Each structure stands twice: as C-alpha cells, then as structure tokens.
*Asks:* 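One structure is given below, represented as structure tokens, and several questions about it will come after.
In what follows, every chain begins at residue 1, and chains take the letters A, B, ... in the order their sequences are listed. Given the structure is predicted, the values throughout are model-derived calculations rather than measurements.
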2 protein chains.
Amino acid sequence: MFNQKKKFQEYLKSKSLAFSKERKIILDEVFSTSGHFEAEDLLFSLRKKKKRVSRATVYRTLDLLVKSGSVSKINFGEAHSHYEHILEQEYHGHLVCLKCGKIIEFENEKIGKLKNEEAKRNNFQIMRHSLEFYGYCSRCRK
Amino acid sequence: MFNQKKKFQEYLKSKSLAFSKERKIILDEVFSTSGHFEAEDLLFSLRKKKKRVSRATVYRTLDLLVKSGSVSKINFGEAHSHYEHILEQEYHGHLVCLKCGKIIEFENEKIGKLKNEEAKRNNFQIMRHSLEFYGYCSRCRK
DNA sequence: TTAACAATTGAGATTCAGTCTCAATCTCAA
DNA sequence: TTGAGATTGAGACTGAATCTCAATTGTTAA
Ligand SMILES: [Zn+2]
Ligand SMILES: [Zn+2]
Ligand SMILES: [Zn+2]
Ligand SMILES: [Zn+2]
C-alpha cells in the first residue's frame, strides 16, 4: 500500500508529471478505502469531506493510477468500471454473486501457471489478467 | 453451433416466448459470424443486408441469447461489450493485445481445476467465468 | 526577474452504449 | 372473435466517461 503510493509518485516523476494537490487528495482517498470502489463513489466521498476535486480530474487521475500500475480497473459485467488498489497478491481473481452482488476475492497460484503456459504457447507478453467467476454465493443459492 | 441455435429456441419455448421473425434474423446473423462481434456491428450488418431490425430488438435479443446460454457477453476493458456464440470449448479464455487489439482464444483445462477449487473453498456455485490476459502479441512486442 | 511554455484544473458540453417508453401490431388460446 | 400478453420500432432518455477550453499553476531559459 505504502509501496503503491510511492510507485505512483515515481511514475509521475518518470513522465515529468506533477504530484499536484488534487492528485495527492485522490491518491490518499484511494488508499484509504479497502477493497473495490467505483469512480463516482470516490468522487462523492471527497465531496462529503469537502475536498473538492472535479469529476474530470478524478477520472484522469484514476487513469494515471492504472497506468502507473498501482491501481487496477475491473469490470464485473456492469455498465461502469470498478477499481481497486493493487495488493501484494499477484494471482488474484473474483467470485461475483449474480444475486446479491457480493464479491469474494481469491488468490490462486494456478493463475500464474496458466499465464505462463498461454504466454509461451501463443508467444504473448502478458502484462496483467482479469479473472472472474460468476455464480451464487452460499447465502443466495437455494 | 447447430445445438446452440436449438438451445435458444428451446429456451424461448420454456419461457413461452415467441421465436419471432426478428429473433430468427438475429439468431442467424449471430451464428453466421465467426468469433467475436459487437452489438452495433451486428446491427450494421443487418442494415447492409436490408434486414431491418431495430436497435432495441437487437439488444433485447442479445440479452435473451445470453440468458439462454448460447451466446456470451464479454468485456475487453472497453466501454462497450463484445459477444460471441458459445463453442464447445468449456474452459476458454482470451489473450488481448493492448497495442493492435488482436484477440487470441485459448482453451485450457486448468481453468476447470481452478473453478472447482475456488467453488469448493468459498462455497460458491459457479455458473460461468471470464478470463482475459492483457499484453502484447508477437508482432507488437518490440 | 521576466517571458515563454507546458502541465493542470474545473465547469459544463458532448459522446456513446445501452435502456426505456409507449403506441401499434402480432399471437394464440378460449 | 375477443382479449391478454408478447413483440416491435422510433425516438427519448440515462449514466458513465470523455472532451473542450479558458483560467491557473508550475517550470525553464534568458
Ligand atoms: Zn449472494
Ligand atoms: Zn479484488
Ligand atoms: Zn498486437
Ligand atoms: Zn472467445
């Protein structure tokens, strides 16, 4: 988490981009939330705290965070995206409940094996992955 | 493919829904394309062939196709969705090139093992999955 | 210091995919 | 034949995300 914040700052430096007041506010907010969040949620949390940053800046900064590798953008089959700050876990996926929307995270090193196999087989340089299982959680299956 | 068309018709019957002229046009078009397509592409192909079906009906029918299990909806990190008719391949994923947009399909039974492991571990009933690896294809990596 | 230039921002307009509304039409069983 | 429910198309609408552009801030060179 601490490393990830640093990573973003290094990224900005490497691209000669400023670590502006607004970018700091967003960075801190992102890493103060746990788990997944949506861009609009982030925007409203900031508003509630009277830390006014425009919607455009929120989206722009989230893009930078994604590019820097400290945040990932995920799609759970909805119209909008979700984000999460990247944890140490490298081989991380999600179980998404189709009924209640609950999201369970898992980590499984088989993802790494799969990745290596397919990278080699297809001569592909894999930078990141996205793995979601959709179904019903224990409470929602009848 | 043939089975999948039938599957859709059975689904409609099971829900007392009509296999209307429009639904047939869309079904045929979906299964005449190979690989992935976008809803707007489908709409446009139909227009070119003078088979006029409204945008609303295209989207509505794609939803039905997804529900029937004969088509799947995929997100490759873009704003719009992609669709593909479901093949026999059960454990199927995608390699997406971040530069040229090329999509390579793969099938790997490790996905099945992973699925079973996580289903058991989290007491989850998994209905479907989505697995994408993002990176650079052989032509795009320098 | 100052001038020039580039980066950054916010407000609001715009885009775009997808959904909704609703009146007209179709289907089919009673 | 009637009527309830299913289906459709046109176009209005929505919501997420992006774009525009003028104002502001930061950086560099003279
Ligand atoms: Zn649930
Ligand atoms: Zn996660
Ligand atoms: Zn490529
Ligand atoms: Zn595929």
*Asks:* Are more than 12 heavy atoms from other residues, nucleotides or ligands located less than 6.0 Å from atom CZ of B:Phe44?
*Replies:*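 No, not enclosed.
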*Asks:* Could you tell me which nucleotide pairs with C:dA29 by Watson-Crick or G-U wobble geometry, both distances under 3.5 Å, or answer none if nothing does?
*Replies:*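 Base-paired to D:dT2.
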*Asks:* Consider the side chain of A:Ser54, meaning its heavy atoms from C-beta on, and name the nucleotide among C:dA7, C:dG10, C:dA17 that approaches it most closely.
*Replies:*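 For the A:Ser54 side chain, the nearest candidate turns out to be C:dG10.
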*Asks:* Is the distance from OP1 or OP2 of C:dT27 to the nearest side-chain N or O of B:Ser20 less than 4.0 Å?
*Replies:*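 For B:Ser20, the contact criterion (side-chain N or O under 4.0 Å from OP1 or OP2 of C:dT27) is not met.
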*Asks:* Would you kindly give the CG-to-C1' distance between B:Leu64 and D:dA6, to the nearest whole Å?
*Replies:*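 In whole Å, D:dA6 C1' lies 12 Å from B:Leu64 CG.
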*Asks:* Without swapping roles, check the side chain of A:His85 against the backbone of A:Thr33 for a donor-acceptor pair under 3.5 Å.
*Replies:*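 Confirmed, A:His85 side chain pairs with A:Thr33 backbone.
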*Asks:* For D:dA17, take OP1 and OP2 only and decide whether either is under 4.0 Å from a side-chain N or O of A:Tyr59.
*Replies:*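 Answer is yes, contact under 4.0 Å.
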*Asks:* Can you check the A:Lys21 NZ to C:dT8 P distance for me, whole Å?
*Replies:*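 Rounding to the nearest Å, NZ of A:Lys21 and P of C:dT8 are 14 Å apart.
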*Asks:* Looking only at the aromatic ring of each residue, does the gap between the centers of A:His82 and A:Phe76 stay below 6.0 angstrom?
*Replies:*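 Yes, the ring of A:Phe76 comes within the 6.0 Å limit of the ring of A:His82, centre to centre.
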*Asks:* Which of these nucleotides, C:dG18, D:dA17, D:dT7, is closest to any side-chain atom of B:Ala18?
*Replies:*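 Of all the options, the side chain of B:Ala18 is nearest to D:dT7.
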*Asks:* Is the distance between the ring centroids of A:His92 and A:His129 less than 6.0 Å?
*Replies:*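 No: the rings miss the under 6.0 Å criterion.
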*Asks:* So what's C:dA7 paired with, Watson-Crick or G-U wobble, going by both distances under 3.5 Å?
*Replies:*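 Here C:dA7 is engaged in a pair, and the nucleotide opposite it is D:dT24.
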*Asks:* Look at the side chain of B:His80 and decide which nucleotide, out of C:dT9, C:dG18, D:dG9, has an atom nearest to it.
*Replies:*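 Nearest to the side chain of B:His80 among the choices is C:dG18.
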*Asks:* Answer with base, sugar-phosphate or nothing: what part of the nucleic acid does B:Ala56 contact at a heavy-atom distance below 4.0 Å?
*Replies:*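 Touches a base.
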*Asks:* Please classify the nucleic acid contact of A:Arg60 as base, sugar-phosphate, or nothing, using heavy-atom distances under 4.0 Å.
*Replies:*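 Answer is base: heavy atoms of A:Arg60 come under 4.0 Å of a base.
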*Asks:* Nearest to the side chain of A:Val53, heavy atoms from C-beta on, is which of C:dG10, D:dT7, C:dT8?
*Replies:*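 Selected nucleotide (nearest to the side chain): C:dG10.
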*Asks:* Looking at B:Tyr136, is B:Arg141 sitting on its ring face, NZ or CZ under 6.0 Å from the six-membered ring centre and within 45 degrees of the normal?
*Replies:*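 No.
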*Asks:* Can you find a donor-acceptor pair, distance only, under 3.5 Å between A:Arg55 side chain and C:dG12 base?
*Replies:*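 Not at all, since no donor on one side and acceptor on the other fall under 3.5 Å apart.
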*Asks:* Among C:dG18, C:dT8, D:dA10, find the nucleotide with the atom closest to the side chain of B:Ser81.
*Replies:*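 Ranking C:dG18, C:dT8, D:dA10 by closest atom to the B:Ser81 side chain puts C:dG18 first.
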*Asks:* Kindly say if B:Arg23 contacts the phosphate of D:dT7, meaning a side-chain N or O under 4.0 Å from OP1 or OP2.
*Replies:*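 Indeed, a polar side-chain atom of B:Arg23 lies that close.
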